[in-house]
2 protein chains.
Amino acid sequence: MNTLSYGLLSLLSFAPLSGYDLTQKIKPLWQAGHSQIYPLLASMEQQGYISYKLIEQTDKPDKKEYTITEAGLAQLRQWVEMPAEHPVLRDELHFKLYSLWLSEPQKAKELLYQRMEFCQSELDRYNEMLGGNETLREERGESHEPKATTFGRYMLIRKRIMDMESSLQFCKYALEELEI
Amino acid sequence: MNTLSYGLLSLLSFAPLSGYDLTQKIKPLWQAGHSQIYPLLASMEQQGYISYKLIEQTDKPDKKEYTITEAGLAQLRQWVEMPAEHPVLRDELHFKLYSLWLSEPQKAKELLYQRMEFCQSELDRYNEMLGGNETLREERGESHEPKATTFGRYMLIRKRIMDMESSLQFCKYALEELEI
DNA sequence: TTAGACATGTAACCAGTTACATGATTTG
DNA sequence: CAAATCATGTAACTGGTTACATGTCTAA
């Protein structure tokens, strides 16, 4: 049971999902490919934290729909209340900034424009997620209280939005400094 | 030559350093232990990107001081101007927020207080680095222009400060929401 | 009919962490 | 003399990425 395993349990605690769905939904939260996820699901199923039933579909290929078990929910609940590890950020841009003096100012600007584009597209995505979460909240008839299943999701999306806005602000600031 | 290798070259392009120094200096920019760094230095030395001379010390154990070569500088210059990979952030807190509804609001607050403490200590460290960089700038008689070796370093530290301030702001906001 | 989304898996490789191993020198 | 810092290395393991492999179903 590593962090990714708990991440998968987190997603399953909100709603039952297939392995394929999980690879899609986890993307904005954790970098992991399907080749990492399928074996973990098999292992968690063997440990009794999740169970699946085969869903036969006519419009799409059949799938395994995973549901979190009581044991899985207990395991997750215990993990959530433990202190979180420090975040790990690996950003090439840090090194490129460090040796920026080697670069033509024009190339440095391009570096920052590229990063801005990335942050903007991320920001757009998270803003869409905010709407999706609000729809879900209404569907579930939930309030804005901390106990609601959609509250933490809302907080998470807000966090990512703030992160991206801050990154954009940095890029704008750095570009101004490079103009001089 | 992976990202970490270029990171080491970046540090060496600013000043000659020992393997031990590099493990210390790289910490705020990239998570990597000495066991990863020493073999990479040996490999880069063999490829001719860096060279070292043995420094005999009386107050401390002897060390190898690595210097970037012309070939290494050319390699680095070429890398710096290439577009940067997207940043990778792995933060357990994301998953813990996602399943926050499973947690007691008091435990959720503790989670955020812990994160705030971490961000504050990081912020303090970067603010100190800002002063150290300014001292170095004066020592080198450099201006605040983009061509100066201390300019990119300044930008990098400013970026990290903005990141930490944004994270702190999120924690404060989330704590307010949890109070209600 | 072919490109793309849906769906699930394994194998090989690379990057990063933890543990093992050794030793100099200083400071309390 | 013990603990802390400086200093350099290797081995084993874990986590993550890329490539290999296969197949369904839909829409253009």
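A note on names: the letters A, B, ... follow the listed sequences, proteins ahead of strands, and every chain is numbered from 1.
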- prompt: B:Tyr154 ring centre to B:Arg137 NZ or CZ under 6.0 Å, with the angle to the axis within 45°?
  reply: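 No; the conditions do not both hold, so B:Arg137 does not lie above the ring face of B:Tyr154.
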- prompt: Honestly, is A:Arg140 close enough over A:Phe151, meaning NZ or CZ under 6.0 Å from the six-membered ring centre and within 45° of the axis?
  reply: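 Verdict for A:Phe151: no cation-pi partner in A:Arg140.
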message: Main chain of A:Ser166, side chain of B:Asp163: is a donor-acceptor contact present, judged purely on distance under 3.5 Å?
response: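 Judged by distance alone, no pair lies under 3.5 Å.
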field: Pairs involving residues 64-84 of chain A, ordered by first then second residue, that meet ring-ring contact (aromatic ring centres under 6.0 Å, His included) (sequence neighbours left out)
entry: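 Sorted pair list: A:Tyr6-A:Trp79, A:Tyr52-A:Tyr66.
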message: Test: ring-ring contact (aromatic ring centres under 6.0 Å, His included). Region: residues 108-150 of chain A. Which pairs qualify, not counting sequence neighbours?
response: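 Applying ring-ring contact (aromatic ring centres under 6.0 Å, His included) to every pair that reaches into residues 108-150 of chain A, excluding sequence neighbours, yields A:Phe118-B:His86.
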To the nearest angstrom, how far is [X] atom [atom1] from [N] atom [atom2]?
X       : N      : atom1 : atom2 : value
A:Gln57 : D:dC25 : CD    : P     : 10 Å
B:Gln36 : D:dT8  : CD    : C1'   : 16 Å
A:Asn2  : D:dG16 : CG    : P     : 6 Å
A:Trp30 : D:dT14 : CH2   : C1'   : 13 Å
B:Lys27 : D:dC6  : NZ    : C1'   : 12 Å
A:Arg90 : D:dG15 : CZ    : P     : 14 Å
B:Tyr66 : D:dA7  : OH    : C1'   : 12 Å
A:Asp59 : D:dT26 : CG    : P     : 6 Å

Taking atom types as modelled, find out whether [X] and [Y] have a side-chain donor-acceptor pair closer than 3.5 angstrom.
X        : Y        : answer
B:Asn2   : B:Ser5   : yes
A:Glu139 : A:Thr135 : no
B:Ser121 : B:Glu117 : no

For residues 97-107 of chain B, which side-chain donor-acceptor pairs fall under 3.5 Å, sequence neighbours excluded?
| residue | atom | partner | partner atom | Å |
| --- | --- | --- | --- | --- |
| B:Tyr98 | OH | A:Arg153 | NH1 | 2.6 |
| B:Ser99 | OG | A:Ser10 | OG | 3.2 |
| B:Ser99 | OG | B:Phe95 | O | 3.0 |

Contact boundaries on DNA chain C for chain B, cut-off under 4.0 Å to non-hydrogen atoms: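 The contact span of chain B on DNA chain C goes from C:dA15 to C:dT26.
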- request: Using a heavy-atom cut-off of under 4.0 Å over every strand shown, decide if A:Ser35 touches base, sugar-phosphate, or nothing.
  value: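 Base contact.
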message: Quick one, B:Met162 with B:Arg158, criterion side chain to side chain contact (heavy atoms under 4.5 Å, CB included). Give me CA distance, side-chain angles, the key distance, then yes/no.
response: CA-CA 6 Å; B:Met162 286 171 79; B:Arg158 286 284 309 150; 4.3 Å; yes
query: Any ion pair linking B:Glu122 and B:Arg125 (charged N to carboxylate O, less than 4.0 Å)?
result: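 Looking at B:Arg125 and B:Glu122, the cut-off is met.
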query: On DNA chain D, nearest-nucleotide positions of A:Leu4 versus A:Asp62: which is more 5'?
result: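 Final value for this comparison: A:Leu4.
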- prompt: Which comes earlier along DNA chain D counting from the 5' end, the contact point of B:Gln24 or that of B:Val88, where each point is its nearest nucleotide?
  reply: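 Counting from the 5' end, the first nearest nucleotide belongs to B:Gln24.
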- request: Specify the angle, to 10°, made by the local axes at the two ends of the helix from C:dT1-D:dA28 to C:dG28-D:dC1 when five pairs are taken at each end.
  value: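 Taking the rotation axis at each end, their angle is 30°.
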task: Indicate, yes or no, whether a donor-acceptor pair under 3.5 Å links the base of D:dT8 to the side chain of B:Ser18.
output: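 Such a pair does not exist between side chain and base.
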field: Members of residues 39-55 of chain B that approach DNA chain C, where some heavy atom sits under 4.0 Å away
entry: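 Going residue by residue through residues 39-55 of chain B, none turns out to have a heavy atom under 4.0 Å of DNA chain C.
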- prompt: Starting at the 5' end of DNA chain C and moving along, which residue's nearest nucleotide shows up first, A:Lys63 or B:Gln31?
  reply: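 The 5'-side residue here is A:Lys63.
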message: Parallel, tilted or perpendicular: which one describes the rings of A:Tyr173 and A:Phe170, with boundaries at 30° and 60°?
response: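 Rings of A:Tyr173 and A:Phe170: tilted, as their planes differ by 30° to 60°.
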